[in-house]
Number of protein chains: 2
Amino acid sequence: MVNMSNLVDRIERHIKKILQDTPQGYVVIQRSGLASQFECAPSQINYVLGTRFTVEQGYLVESRRGGGGYLRIVKLGIETPDYLDDFIAQLDAGEMTQNAAEGLIKRLAEEGLLSKREAMLVRTVVDRETLSLQVPERDRLRARLMAAVLRTLAREDF
Amino acid sequence: MVNMSNLVDRIERHIKKILQDTPQGYVVIQRSGLASQFECAPSQINYVLGTRFTVEQGYLVESRRGGGGYLRIVKLGIETPDYLDDFIAQLDAGEMTQNAAEGLIKRLAEEGLLSKREAMLVRTVVDRETLSLQVPERDRLRARLMAAVLRTLAREDF
DNA sequence: GATATTAAGGTCAGAGAAGGTCAGGGTGGT
DNA sequence: ACCACCCTGACCTTCTCTGACCTTAATATC
């Protein structure tokens, strides 16, 4: 139990914390500042953003380089209906990795669209092991399954 | 019988001990830590988990690799009855038509094992349209999906 | 106004830190 | 002697973290 929490988790928690404490729904910070606060390489911040603040998980990261550069991390709200339709259509036509699906499920759970139990159900259903197909097919099927889940959640009649 | 203190037995007892002493019903440990505690090869831990902490025996093991990796051993609340294990095994090896799946889902819902919403989710997920594969594969996949659902319902740790 | 400097952030390969798998040898009981 | 169980070591996969190098923007200098 040495590493009760590694860097990536601590930084993730920190960002989510200030994101919660802020009313606007976004944070603006400096990469270098955050890095020195956690005494790590600046690129570690990019790693955190790339793995924990993805679009699937409901975040948007904007940035600016150069003098006065910054990172702006936005927490996206529950999808607007039209955005959702587009997203479902994309899924139906495309693929989704297990990681991406897990991010999305996590987000749906966080936003209260899926209960813990429901999230668990969906998670096992789209699991690699369960699907047991080879890769292009598996990711396509997973995408369709997630699309079906979203479509069901979008129904309001039960 | 002589050797009641095999490594495997000692490690098993140790894990069960801390599992009992903990109120949450699960333990989080590091494989490497446990291995050095018992002065054995790390893979021995996997052997213990694979032989003594299986789903049939009422345990669930989740893990994470990489830096900050861990093992999470969960004691399931209710041991799954044998007939359910058999049924799940059959499903995993066999096929299930959409009709059969709908019948099963309906029954699960009637017995209160699935909420209305959950039933709806599962129903869309195993739907012909969603799966969109040709028939022998589709029915096999549906069987695996239903097996995954049943296995999740048997968990009581969330 | 053009150019140089400085101050950001971005990318990617590779090292490091876990856990997973499997073949194969050991051991004890019958 | 055989069989089932135990245990290890070599090799694999996944996740994390850093450092070297690159791009972009603001500002200072000429």
Side-chain angles (χ1 to χ4, degrees), chain A residues 1-15 26-54 57 59-74 97-103 106 127-129 132 134-135 138-139, chain B residues 1-15 26-57 59-74:
Chain A
M1 278 207 236
V2 183
N3 234 354
M4 202 43 206
S5 56
N6 46 24
L7 247 184
V8 70
D9 291 331
R10 284 189 290 126
I11 298 176
E12 176 190 7
R13 276 202 302 274
H14 177 254
I15 296 175
Y26 67 83
V27 202
V28 177
I29 32 172
Q30 306 236 144
R31 186 181 76 150
S32 54
L34 200 53
S36 66
Q37 197 177 327
F38 282 92
E39 293 176 313
C40 66
S43 56
Q44 174 68 0
I45 306 300
N46 296 83
Y47 179 73
V48 175
L49 295 177
T51 55
R52 307 291 205 264
F53 293 85
T54 65
Q57 294 172 74
Y59 297 91
L60 205 84
V61 178
E62 296 166 333
S63 67
R64 181 130 173 216
R65 304 187 188 192
Y70 59 86
L71 296 171
R72 181 158 170 274
I73 303 161
V74 186
T97 65
Q98 181 161 336
N99 264 337
E102 265 161 18
K106 193 173 154 209
D127 190 281
R128 226 179 257 116
E129 297 287 316
S132 85
Q134 291 309 304
V135 260
R138 197 206 300 158
D139 287 355
Chain B
M1 274 310 160
V2 174
N3 229 351
M4 207 43 209
S5 45
N6 285 333
L7 247 184
V8 69
D9 290 328
R10 285 189 291 127
I11 297 175
E12 177 190 6
R13 277 201 302 274
H14 178 253
I15 296 175
Y26 67 83
V27 203
V28 177
I29 33 171
Q30 306 232 155
R31 187 181 76 151
S32 55
L34 200 54
S36 66
Q37 199 176 324
F38 282 92
E39 294 177 313
C40 64
S43 56
Q44 174 67 3
I45 307 300
N46 296 83
Y47 179 73
V48 175
L49 295 177
T51 55
R52 307 291 205 263
F53 294 85
T54 66
V55 176
E56 294 83 33
Q57 288 164 310
Y59 296 90
L60 201 91
V61 179
E62 295 166 335
S63 68
R64 181 136 160 214
R65 304 188 189 193
Y70 59 84
L71 297 171
R72 180 160 170 274
I73 303 161
V74 185

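To find a chain, count down the sequence lines: A is the first, B the second, and so on, and within it residues start at 1.
- Using a 4.0 Å heavy-atom cutoff across all strands shown, Arg72(A) reaches no nucleic acid atom at all.
- What separates CG of Asp9(A) from P of dT16(D) is a distance of 7 Å, to the nearest Å.
- For Ile73(B) and dG19(C), the CD1 to P distance is 11 Å, given to the nearest whole Å.
- With hydrogens and angles ignored, no donor-acceptor pair under 3.5 angstrom links the side chain of Ser43(B) to the base of dG20(C).
- Residues Arg65(B) and Arg52(A) both approach DNA chain D. Their nearest nucleotides, taken by heavy-atom distance, put Arg65(B) toward the 5′ side.
- Between the OH atom of Tyr70(B) and the P atom of dG19(C) there is a distance of 11 Å, rounded to whole Å.
- For Ser32(B), the listed nucleotide lying nearest its side chain is dG19(C); candidates were dG19(C), dT16(D), dC6(D).
- With rounding to whole Å, Gln44(B) atom CD is found 15 Å from dC5(D) atom P.
- For Gln30(B), taking side-chain heavy atoms from C-beta onward, the closest of the listed nucleotides dG10(C), dG19(C), dC15(D) is dG19(C).
- If you check every strand for non-hydrogen atoms under 4.0 Å, Ile45(A) touches nothing.
- Rounding to the nearest 0.5 angstrom, the gap separating the CD1 atom in Ile11(A) from the CG atom in Leu34(A) is 6.0 Å.
- The nearest whole Å value for the distance from the CD atom in Gln98(A) to the C1' atom in dC15(D) is 14 Å.
- When heavy atoms are screened at a 4.0 angstrom cut-off, Gly69(B) is found touching the sugar-phosphate backbone but no base atom.
- Closest non-hydrogen pair, Ser63(B) versus Leu71(B), comes out as CB-CD2, 3.7 Å.
- For a distance-only test at 3.5 Å, the side chain of Arg31(A) qualifies as a donor-acceptor partner of the base of dG10(C).
- In this structure, NE2 in His14(A) is found 12.5 Å from CG in Leu7(A), a value given to the nearest 0.5 Å.
- For the atom pair Gln37(B) CD and Ile45(B) CD1, the distance stands at 8.5 Å (nearest 0.5 Å).
- Checking dG19(C), dC7(D), dG9(C) against every side-chain atom of Ser63(A), the shortest atom distance belongs to dG9(C).
- As a whole-Å value, the separation of Tyr47(B) OH from dT8(D) C1' is 13 Å.
- Per the geometry, CG belonging to Leu7(A) stands 17 Å off P belonging to dC15(D), to the nearest Å.
- A straight line from CG of Leu49(B) to C1' of dT21(C) spans 14 Å, rounded to a whole angstrom.
- Rounded to the nearest 0.5 Å, atoms OG1 (Thr54(B)) and OH (Tyr59(B)) are 9.5 Å apart.
- Two residues, Leu71(B) and Leu71(A), neighbour DNA chain C, and the one matched to the more 5' nucleotide by heavy-atom proximity is Leu71(A).
- Where Gly66(A) and Arg128(A) meet DNA chain D, the nucleotide closest to each residue was compared, and Arg128(A) sits on the side nearer the 5' end.
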